[in-house]
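Values in this document were obtained by computation on a predicted structure and should not be read as measured data.
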Amino acid sequence: MRQAGRLAGRTYRGEGIVKAPWEKVWDCLKPLAGSLREKWDENVTSFEIVESITDTAGLWLRVRPCCLHETLSVSRTATPSAAMKLISPRDFVDLVLVRAYEDGSISSNATHTEHPSCPTRPGYVRGFNHPCGCFCEPLPGEPSTTRVVAFFQTDLSGYLPQSVVEAFFPRSMATFFTNLRRASTSLC
């Protein structure tokens with residue numbers, strides 16, 4: 001965790017090694033409606049693609065030789081209440097870019113956006129994600145091991161004391177990696 005500089009709040013970064021092939025780890029992480037993420041991630045109750053903007057399979061191989069595939073979409077993610085219900089359920093609307101690279105690495109990058117078909121849901125507080133992401137890369141020479149790096153800077157909005165937010169996020173990140181390791185071997 002570090003102070004974010006020009007953006008309000010803190011940036012959180014977590015890194016973990018998962019003893020599973022990157023394909024299985026990515027199956028647990030990928031931002032798709034009905035994906036495994038909704039089953040294992042305690043901080044995601046639902047995920048939907050609001051608009052699919054591009055799906056560039058093959059195109060990026062010619063334009064950017066490092067990228068095999070790239071998709072751009074608008075998504076909405078809902079989260080449950082947390083911290084003994086001190087944090088109300090949130091919903092987030094993000095512009096999401098997923099990139100697959102020829103070395104087997106894949107990244108999911110997002111930032112807050114507005115979308116006309118995504119008003120705030122009743123009973124939810126609209127949260128804002130500053131630029132954030134998750135990187136998944138196979139470890140060289142270890143095909144059954146994956147390095148995952150996640151970073152985020154989220155404004156939960158509402159009337160939360162900063163101390164509640166700062167207590168919640170580090171614990172949430174640690175739980176994320178524990179649950180990802182478990183899900184990568186049991187669900188995928």
Linking I/L/V/M/F/W/Y whenever their side-chain heavy atoms sit closer than 4.5 Å, directly or via other members, would Val44 and Met173 fall into one cluster?
no
Thr146 to Pro21 - nearest heavy-atom pair and separation
OG1-C, 3.3 Å
Can you tell me how far CZ of Arg126 sits from CD of Glu114, rounded to the nearest 0.5 angstrom?
6.5 Å
Any side-chain heavy atom of Pro89 sitting closer than 4.5 Å to one from Ser81?
yes
With Arg37, which residues qualify under salt bridge (Lys or Arg N to Asp or Glu O under 4.0 Å), at least two apart?
Asp41
Close side-chain approach of Asn43 and Phe176, heavy atoms under 4.5 Å
no
For Asn129, enumerate each residue passing the side chain to side chain contact (heavy atoms under 4.5 Å, CB included) test, keeping only those at least two apart in sequence or located in another chain.
Phe92, Asp94, Cys132, Thr154
Could you measure the distance from the NZ atom of Lys24 to the CG atom of Leu29? Nearest 0.5 Å is fine.
14.0 Å
Hydrophobic clustering (ILVMFWY, side-chain heavy atoms < 4.5 Å, transitive) - are Leu180 and Leu36 grouped together?
yes
Salt bridge (Lys or Arg N to Asp or Glu O under 4.0 Å) with Glu142: which residues, sequence neighbours excluded?
none
How close do Pro116 and Pro119 get, heavy atom to heavy atom, and via which atoms?
O-CD, 4.3 Å
Check the pair Tyr124, Ser88 against side chain to side chain contact (heavy atoms under 4.5 Å, CB included), reporting the backbone distance first and the verdict last.
CA-CA 7 Å; Tyr124 287 80; Ser88 299; over 6 Å; no
What pair of heavy atoms forms the shortest contact from Val50 to Ser117, and how long is it?
CG1-OG, 3.3 Å
Residue pair Cys134, Val148: steps toward the side chain to side chain contact (heavy atoms under 4.5 Å, CB included) verdict
CA-CA 7 Å; Cys134 188; Val148 177; 3.8 Å; yes
Walk me through it: do Asn109 and Phe135 pass the test side chain to side chain contact (heavy atoms under 4.5 Å, CB included)?
CA-CA 8 Å; Asn109 313 279; Phe135 300 91; 3.7 Å; yes
Using every non-hydrogen atom in the two residues, find where Val93 and His112 come nearest and quote the distance to one decimal.
O-ND1, 3.3 Å
Please walk me through it: do Thr185 and Lys19 pass side chain to side chain contact (heavy atoms under 4.5 Å, CB included)?
CA-CA 8 Å; Thr185 57; Lys19 295 289 186 180; 5.7 Å; no
Nearest 0.5 Å, what's the CZ-OG1 distance between Arg90 and Thr45?
12.5 Å
Contact between Glu42 and Asn179 at the side-chain level, heavy atoms closer than 4.5 Å - yes or no?
yes
How would you list all residue pairs meeting salt bridge (charged side-chain N to carboxylate O under 4.0 Å, His left out) that involve residues 169-183, not counting sequence neighbours?
none
Under 30°, 30 to 60°, or over 60°: which ring-plane class applies to Phe152 and Tyr12, parallel, tilted or perpendicular?
parallel
Just jot down the side chain to side chain contact (heavy atoms under 4.5 Å, CB included) partners of Ser108, sequence neighbours excluded, or say none.
Trp26, Pro31, Val96, Val98
Check whether any side-chain heavy atom of Leu139 lies under 4.5 Å from a side-chain heavy atom of Ile17, and answer yes or no.
yes
Quick one: pull up OG in Ser73 and CD1 in Ile49 and give me the separation to the nearest 0.5 Å.
4.0 Å
What distance separates Asp27 CG from Trp22 CH2, expressed to the nearest 0.5 Å?
9.0 Å
Is there side-chain contact between Asp155 and His130, with heavy atoms separated by less than 4.5 Å?
yes
Pairwise distance CZ(Arg13) to CZ(Phe151) - rounded to 0.5 angstrom:
9.5 Å
Residue pairs passing the salt bridge (charged side-chain N to carboxylate O under 4.0 Å, His left out) test where at least one lies in residues 43-53, sequence neighbours excluded:
Glu48-Arg76, Glu48-Arg121
Within the structure provided, determine whether Thr79 and Asp91 are in side-chain contact (heavy-atom separation under 4.5 Å).
no
